Number of protein chains: 2
Amino acid sequence: MNFTDTLTALVPFSDDELNDILNHFTMKSVPKNETLVHQGKICKYLYFIEQGMGRSYYLNDNQKDITQWFFGTGKFMSSADSFFQKKPSLYYLEVLEDSIVYLISKEKLDVLFAKYPKMEKLGRLVITEMLTNVVNKLNAIQFQTARERYDYMLAEFPDIAYQVSLGHIASYLGMAQETLSRIRSQDSSN
Amino acid sequence: MNFTDTLTALVPFSDDELNDILNHFTMKSVPKNETLVHQGKICKYLYFIEQGMGRSYYLNDNQKDITQWFFGTGKFMSSADSFFQKKPSLYYLEVLEDSIVYLISKEKLDVLFAKYPKMEKLGRLVITEMLTNVVNKLNAIQFQTARERYDYMLAEFPDIAYQVSLGHIASYLGMAQETLSRIRSQDSSN
DNA sequence: TCGCTTTTATGATATAGGTCAAAAATAAAT
DNA sequence: ATTTATTTTTGACCTATATCATAAAAGCGA
């Protein structure tokens, strides 16, 4: 679903409103592997992924890269806490393939929030969806075996599960990459 | 922090606005162990805990009670997805001690959202905070040892860690209650 | 197409923490 | 104040998965 459709599906904007809103965003194409936000820096923009996919990750105490979230086509991507509170980001944000995004700064977004109450609603809905997704993952991770976690991933994000490197997925699911490799090899032998 | 202070800290309401908003809420005292929402039912109200504490939990495949979240004094409590989307709740909501809450229905809240754009902002801020908290817990759970998870709990929710039963905390942290008991006995022997 | 780098697979071994069982301690009820 | 129920502790044992090591495969630049 493209950007305008995504917006209108959440809140019914008029054509004029929609145009004005779109004009506050900037469209940009981002090449594969580009880092949009660095850990410790402020996340200046909220991104909508028109085409492509990205992920957030951080480096743990052993400098190991841990995927925190995947963002697929048609989703908003940001280091939410950093963007909204202007705090240093705990995560890196990077694009995993050539992508097209719409981006907006906090200042411009605040202009939209002030101008259109419906935008506040949009913001609330988008964040509510994120919250639901994170809670779902949490429940999936918390008490399930590695096998079950991978099944959750296949069910919830089939597109991502088949496109992203095994190491990224393993860290996202909280398991060693060797474990995920073994799970997959079980699958293919049956 | 009490209800009015919490509201004005997030968004600067005028006295008149604040009064009007408060009038849409109902104050209620809830006795210990009362269940506010049942799994599978719609969560009809958003609660603010003026005094006391609650938790959300669900029963897993083995009918084991798993704590999903704790809500302390001064926090909003709800089965967010159920409340906002009018979907059956995945969780029970219960009060862990005699409490005083302010509650509001979705209908009345929508009236407030429509009337005061600032309320939309309030909603967005509250949910953003929840999102941040859940993401923090997810990171704590995903790659940390049982010991580290408990330390996270002590740091993040010291009040709760010392008041709630060991079994509730263990399931919240994704470990067997025996494990948490052993961790605690290590602590007290040093 | 060849060499170089990164990713994935597989085997051997170690361990954190789960499960089962039973006792001890606390809390609740009559 | 006793009994009953619930929660916590402790011990013995076991298993899923991490870790370490190395090989195979895939991807990529020159």
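Quick note: numbers below take in every heavy atom, side chains included, and nothing from hydrogens, waters or symmetry partners. Chain letters run A, B, ... following the sequence lines, proteins first, then strands; residues in each count from 1. These numbers were taken from a predicted model, which means no experiment stands behind them.
Between A/Glu107 and A/Lys86 there is a salt bridge, with a side-chain nitrogen of the basic residue lying less than 4.0 Å from a carboxylate oxygen of the acidic one. Under 4.0 Å is where a charged nitrogen must lie from a carboxylate oxygen, and between B/Lys115 and B/Asp110 no such pair does. Ion pairing of B/Glu120 with A/Lys118 is absent here, as no side-chain N (NZ or NE/NH1/NH2) approaches a carboxylate O to less than 4.0 Å.
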Q.
What verdict does the side-chain contact (heavy atoms from CB on, under 4.5 Å) test give for A/His168 and A/Phe70, after you've listed the backbone C-alpha separation in whole Å, the side-chain angles of each residue and the deciding distance to 0.1 Å?
A. CA-CA 9 Å; A/His168 289 348; A/Phe70 291 112; 4.0 Å; yes

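Whole-Å rounding puts the B/Met175 CE to C/dT19 P distance at 13 Å. For the pair A/His168 NE2 and C/dT7 C1', the computed distance is 10 Å after rounding to whole Å. One interatomic measurement links the two molecules: CD1 of B/Ile183 to P of C/dG17, which rounds to 7 Å at whole-angstrom precision.
Heavy-atom nearest nucleotides on DNA chain C were determined for A/Gly167 and for B/Thr145, and the one closer to the 5' end corresponds to A/Gly167.
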Please list, pair by pair, any protein nitrogen or oxygen found under 3.5 Å from a nitrogen or oxygen in nucleotides 23-30 of chain C.
none

Listing time: all N or O pairs from protein to nucleotides 10-15 of chain C that are below 3.5 Å?
residue: C/dG11; atom: N7; partner: A/Arg182; partner atom: NH1; Å: 2.9
residue: C/dG11; atom: O6; partner: A/Arg182; partner atom: NH2; Å: 3.3

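Under the rule for a side-chain contact (heavy atoms from CB on, under 4.5 Å), the partners of B/Asp5 that lie at least two apart in sequence or sit in another chain are B/Met1, B/Asn2.
Inter-residue side-chain proximity for B/Leu90 and B/Asp81 is flagged as unmet; no heavy-atom pair is nearer than 4.5 Å.
B/Ile42 and B/Tyr92 sit in two unconnected hydrophobic clusters of ILVMFWY residues. Membership requires side-chain heavy atoms under 4.5 Å apart, directly or through other members.
Proximity note for B/Ser165 (side chain, C-beta onward) versus D/dT17, D/dT8, C/dT8: the nearest is D/dT8.
Checked against a 6.0 Å centroid threshold, the rings of B/Phe71 and B/Tyr47 do not count as neighbours.
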